[in-house]
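Structure first, then comments.
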Amino acid sequence: MKRVPITGGKMVLTEDGQALQTRHLGFTISPHEECGVEEAVRIVEAETGEVVVLALGPAEAAEQLRECLALGADRAIHLRSDEEWDPQATAGAIADAVRAEELAGGAGPFDLIVFGNESADTGNYQVGIRVAYALGLPVVTGLKGLALADGRARCEQEVANGRDIYDVPLPALVTVKEGLNLPRYPSVPAKLRANRKPLETKAVTPPAARLQKLRLVVPEGQGKQAEILGRGPDAAPAVVLVMQKLGVA
Amino acid sequence: MNVLVLVEPDDELSLQAVTFARSLGGELHGLAVAQADAPVDVLHVAEIDGSYAPGAVAATITQLIDRLDPAAVVAPGSDRGNEVLAHVAARLDLPMAANVTEARGDEVTRQRWGGSLLEEARIDCDLKLMSAAPFAFTTGEGAGAAAAPARIETFVPELTPADTAVRVVDSVSTSTGGISLADAKVVVSGGRGVGSSDGFAILEELAELLGGAVGCSRVVTSAGWRPHADQVGQTGTKVSPDLYIACGISGATQHIAGCKGAKTLLAINDDPEATIFAHADYGVIGNLHEIVPAIAAELRKVRET
Ligand SMILES: Cc1cc2nc3c(=O)[nH]c(=O)nc-3n(C[C@H](O)[C@H](O)[C@H](O)COP(=O)(O)OP(=O)(O)OC[C@H]3O[C@@H](n4cnc5c(N)ncnc54)[C@H](O)[C@@H]3O)c2cc1C
Ligand SMILES: Nc1ncnc2c1ncn2[C@@H]1O[C@H](COP(=O)(O)O)[C@@H](O)[C@H]1O
């Protein structure tokens, strides 16, 4: 799960062009992953087991990990770093953490590892697939539906006008998209419980980036200022004229 | 110098990827897994049995990389293109840049935030793995054109059971018979300003009159007023209608990421300062609950006369 800013109406950069100016912004769980956490929690609620949530990010990412705990995850692992990691290094750190957890836990491998299809901010479309290869797991991407039965995962992947179905044995790694489910709003007691759930922190440092960010650029806007057709319902004739001009009326 | 580009059949984004790949120079090699046509110099048609398996396509690409020693491998910026390329990157442990809009030697410009922000980055590797950002490259005449028809070569990859272990076993249609959001010529979209699930009745009526589809913002899907399939935006559907009507939508970058492909954007909002007006071609200021039915009534009136 990745912590990302809620950017609102406009992207504003820091003076050095290295980051978004986030001083006045809120932060959230990257949306695809929020659905991933919800799905994992529902699976464990219906069966038994444990949901572990993991984030690589700055100290403040603990806030989003707590949100995941409030959504129903049982415990959290925070790989803490203020640096920006490239996707290859991110995958390496996550794979290492999963392996360490599987060794230490004694419960054996995770049955299911869930990623977002792409992170909301950097959109690299690769971390989950890289982790699957590192761990030797089958991987299905872009899920809008998931059902587990008899040690297998039936995965529905969104394609144009439909779904492609995959059927893979567990353990498996899947990447999911928003729309897989409708995440719950955590209740106040759930939030209070979240504060008492275990959150383990480990400081990590990135290797040299192989996809190295040089600078960020805000794309040129279209420089538009809407032509105001009117105020209130009286504008309807002007709107219909526009529709006729566009050939859609 | 060789460049290898993945082309999927009947896929506009693949043709855009060809345009991008062509701009890199050198001899352009295409890889088609099914029958596909593309303006490349050499088209390798891979014989892979059975349904789509991302690992099999990735294995084919790595084997073609061994044979052609390309300077770059380009994939379309579709879910499938990015998926296959990420498999290749994982297999070879190489960096990959998704949704690239421009390449200059070792440097690329790529999209973040669904295109609302750009990143300039350096790829630390001789072999560049890049997907082409959707709608950043033109196709058709002139763009990406080859001098002569492609030379077709059959390529038979060596595949292991692991390469095909994950594959499509079935497909289901989600088409409801109606006009799909992605293909609609008119989209009437509602945001928080619509106020409730019932509030969408007037948007549905207008959409029906225009032969269009209803869309919505994420606030609306999160509230459970509409299904996620209706959501327009970075984490929803990307639409490109002739007319997009945004009703009670503020114009957050993540929403705009999904509707900036519209030819014309009309915003209806009661806040004259709303960001949406900076993205719109036309605006009406006021209460959508009065304006939308008035537009529908006016349309009916005009059609009757
Ligand atoms: C990573 C990430 C991904 C996201 N992905 C998406 C996405 O895919 N799609 C998406 O839409 N959002 C997405 N969002 C959310 C986005 O940031 C905004 O929160 C959301 O788009 C706002 O929805 P809205 O415009 O309906 O609501 P608001 O921002 O609350 O705007 C409501 C608007 O309605 C107007 N209004 C109110 N009443 C009336 C009335 N009676 N008549 C006329 N106007 C009225 C108000 O003036 C206001 O401008 C994402 C956010 C993040 C962080
Ligand atoms: N810093 C991170 N911490 C935890 N998970 C991450 C991080 N970066 C990426 N991921 C996961 O990998 C997915 C794909 O990311 P990306 O390849 O960057 O698009 C995301 O949706 C997350 O599930």
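Proteins get letters first, then strands, A, B, ... in listed order; numbering begins at 1 in each.
Minimum interatomic distance between B/Glu290 and A/Pro233 (heavy atoms only, all atoms of both residues): OE1-CD, 3.7 Å.
Of the listed residues B/Cys125, B/Gly286, B/Gly236, B/Ala86, the one with more heavy-atom pairs under 4.5 angstrom with chain A than any other is B/Ala86. Contact tally against chain A (heavy-atom pairs below 4.5 Å) for B/Arg218, B/Gln234, B/Gln254: the top residue is B/Arg218. Of the listed residues (B/Thr275, B/Asp170, B/Ile291), the greatest number of heavy-atom pairs within a distance under 4.5 Å of chain A belongs to B/Asp170. For the set A/Val218, A/Asn124, A/Asn117, A/Val168, the count of heavy-atom pairs under 4.5 angstrom toward chain B peaks at A/Asn124.
Heavy atoms of A/Val217 lying under 4.5 Å from chain B belong to its backbone as well as its side chain. Interface remark: B/Val302 contributes side-chain atoms only to the contact with chain A (heavy atom separation under 4.5 Å). Contacts between A/Lys144 and chain B at a heavy-atom distance below 4.5 Å involve the side chain alone, from C-beta outward. In this structure, the portion of A/Leu246 lying under 4.5 Å from any heavy atom of chain B is its side chain and not its backbone. For chain B, the nearby parts of A/Val139 are the backbone and the side chain; heavy atoms of each come within less than 4.5 Å. Contact annotation for A/Leu229: both backbone and side-chain heavy atoms come within less than 4.5 Å of a heavy atom of chain B. With a 4.5 angstrom heavy-atom cutoff, A/Gln88 touches chain B only via side-chain atoms. If you measure heavy-atom distances from A/Val242 to chain B, the contacts under 4.5 Å come from the side chain alone.
Other residues, nucleotides and ligands place no more than 12 heavy atoms under 6.0 Å from the NZ atom of B/Lys185.
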